[in-house]
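In what follows, chains are A, B, ... by sequence order, proteins preceding strands, each numbered from 1.
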Number of protein chains: 2
Amino acid sequence: MSNAKVLPLLEPDIVPCCPPLNERPLTADEAVRTAAMFKALSDPVRLRLFSAVASHEGGEACVCDISDVGVSQPTVSHHLKKLKEAGLLTSERRGTWVYYRVEPSVLAGMSKVLGQYAA
Amino acid sequence: MSNAKVLPLLEPDIVPCCPPLNERPLTADEAVRTAAMFKALSDPVRLRLFSAVASHEGGEACVCDISDVGVSQPTVSHHLKKLKEAGLLTSERRGTWVYYRVEPSVLAGMSKVLGQYAA
DNA sequence: TCATGACATAGACACACTTCGATACAGGGA
DNA sequence: TCCCTGTATCGAAGTGTGTCTATGTCATGA
């Protein structure tokens, strides 16, 4: 266990979800887990919400900062919940407002799945 | 047009679809295009089919090589069509069999969208 | 020409998903 | 305490998606 840390800077806590797509055929279980990650970003509204959080100063944003995506407030809340369930965002209430923040580990996992195409 | 090729090895024909998610909030149009890419890989069966092609020797596979994913033959055909429409696969008939091959440009685009998380 | 095997298409069904209005809940200020 | 604002949840309506069976198309070979 001591000589395994050859590249200690890589993968701080990247979930060992699944291998790169071109390494070997995915098993059924791996495919289900991997598909869930992609599905979280497969909706335009979710993508805009996520992008708004990710590009906001400080890496976090209040819901009120990002709600201007052309759908109703309950719909925004619904999609933010989905992104949270997928592990892409975390949320924290501070007084009146709720702040969402990007959780980078799942995105890093998605990038690993894309494998060599991540050139 | 002659002095623009400063980095000729980068992005051979990567479609300039969309910026990285953390660069700025996506526009509605960008979000629709980006979501379509992720949606193509958001189904477990499609993911297994794609992975089977991507990991097959020579980077291509006959349908008969990858059909063992637990669904009927028409369903396999349906999903392969979706992957083709999304630009992730190309197909070519050679005699009796149809061969599918990975088209790396869209995957590279997805990787670019993931941005810095592609570490 | 006909049968066979590989793959695609058509139509139908069940289920999931996105969206909304209505409503509930939480925190801050008067 | 009461009201107002920000956010979440509920339930319903409409649409989309995955899956199947049945059938069509294409190439091969007898």
Participant: What disulfide (SG to SG under 2.5 Å) pairs are there with at least one residue in residues 21-80 of chain B, not counting sequence neighbours?
Facilitator: B/C62-B/C64
Participant: Could you go through nucleotides 22-29 of chain C and list every protein N or O atom that sits under 3.5 Å from one of its N or O atoms, giving the distance for each pair?
Facilitator:
none

Participant: Per the side chain to side chain contact (heavy atoms under 4.5 Å, CB included) rule, which among B/L49, B/L41, B/V102 passes with B/L88?
Facilitator: B/L41
Participant: Rounded to the Å, how far apart are B/W97 CH2 and C/dT4 P?
Facilitator: 18 Å
Participant: Measure from CG on B/L80 to P on C/dT9 and round the result to the nearest Å.
Facilitator: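 For the pair B/L80 CG and C/dT9 P, the rounded distance is 11 Å.
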Participant: So what does B/Y99 touch, heavy atoms closer than 4.0 Å: a base, only the sugar-phosphate, or nothing?
Facilitator: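 The answer is nothing, as B/Y99 stays clear of every strand by at least 4.0 Å.
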Participant: Identify whether any heavy atom of B/H78 sits under 4.0 Å from a base atom; if not, whether one sits that close to sugar-phosphate; answer base, sugar-phosphate or nothing.
Facilitator: base
Participant: Could you see if B/V98 belongs to whatever hydrophobic cluster contains B/F50? Use Ile, Leu, Val, Met, Phe, Trp, Tyr and a side-chain cutoff under 4.5 Å.
Facilitator: yes
Participant: Using the side chain to side chain donor-acceptor pair (under 3.5 Å) rule, collect all pairs that involve residues 88-97 of chain A, keeping only residues at least two apart or in two chains.
Facilitator: A/E60-A/R94, A/K84-A/S91, A/E92-A/R94
Participant: Under 3.5 Å, side chain of B/S111 to main-chain N/O of B/A108, donor-acceptor pair present?
Facilitator: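 No, the answer is negative, given that no donor and acceptor are paired below the 3.5 Å cut-off.
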Participant: Please list all pairs passing the side chain to side chain donor-acceptor pair (under 3.5 Å) test where one or both residues lie in residues 45-59 of chain B, with sequence neighbours left out.
Facilitator: B/R46-B/H79
Participant: List the steps, then state whether side-chain contact (heavy atoms from CB on, under 4.5 Å) holds for A/L47 with B/V113.
Facilitator: CA-CA 11 Å; A/L47 224 28; B/V113 165; 5.8 Å; no
Participant: At a heavy-atom distance below 4.0 Å, what parts of residues 37-46 of chain B sit against DNA chain D?
Facilitator: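 Contacts with DNA chain D under 4.0 Å: B/K39, B/D43, B/V45, B/R46.
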Participant: How far does NZ of B/K39 sit from CG of A/D43, to the nearest 0.5 angstrom?
Facilitator: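 These two atoms lie 6.5 Å from each other.
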Participant: Please report the closest heavy-atom contact between A/G58 and A/R101, naming both atoms and the distance.
Facilitator: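 Taking A/G58 first and A/R101 second, the nearest heavy atoms are O-NH1, 3.6 Å.
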Participant: Between atom CZ of B/R33 and atom OG1 of B/T27, what is the distance when rounded to the nearest 0.5 Å?
Facilitator: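 Taking CZ in B/R33 and OG1 in B/T27, the distance rounds to 6.5 Å.
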Participant: Not counting sequence neighbours, list each pair that qualifies as a side chain to side chain donor-acceptor pair (under 3.5 Å) and has a residue in residues 62-77 of chain B.
Facilitator: B/S72-B/T75
Participant: Can you pull out the residues from residues 52-69 of chain A that lie within a 4.0 Å heavy-atom distance of DNA chain D?
Facilitator: A/C62, A/V63, A/C64
Participant: So what does B/K82 touch, heavy atoms closer than 4.0 Å: a base, only the sugar-phosphate, or nothing?
Facilitator: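 Since only primed, P, OP1 and OP2 atoms lie under 4.0 Å of B/K82, the category is sugar-phosphate.
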Participant: Does C/dA8 have OP1 or OP2 under 4.0 Å away from a side-chain N or O of B/S77?
Facilitator: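 Checking C/dA8 against B/S77, a side-chain N or O does come within under 4.0 Å of OP1 or OP2.
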Participant: Looking only at non-hydrogen atoms, find the nearest pair between A/A31 and B/P44 and report the distance.
Facilitator: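 The answer is CB-O, 3.5 Å.
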Participant: Reading DNA chain D from 5' to 3', where do the contacts with chain B start and stop? Cut-off is 4.0 Å to heavy atoms.
Facilitator: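 Going 5' to 3' along DNA chain D, contacts run D/dT17 to D/dT28.
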Participant: Could you give the angle between the helix axes at the two ends of the helix from C/dT1-D/dA30 to C/dA30-D/dT1, with five pairs per end, rounded to 10 degrees?
Facilitator: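 End-to-end axis angle: 10°.
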Participant: Are A/V71 and A/L80 connected in the hydrophobic side-chain network, where two residues link if heavy atoms are under 4.5 Å apart?
Facilitator: yes
Participant: Just jot down the side chain to side chain contact (heavy atoms under 4.5 Å, CB included) partners of B/P20, sequence neighbours excluded, or say none.
Facilitator: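 Side chain to side chain contact (heavy atoms under 4.5 Å, CB included) check on B/P20 returns B/N22, B/E23.
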Participant: If you define the side chain from C-beta out and look only at heavy atoms, does anything of A/V53 sit under 4.5 Å from A/L83?
Facilitator: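 They are not in contact (no side-chain heavy atoms under 4.5 Å apart), so the answer is no.
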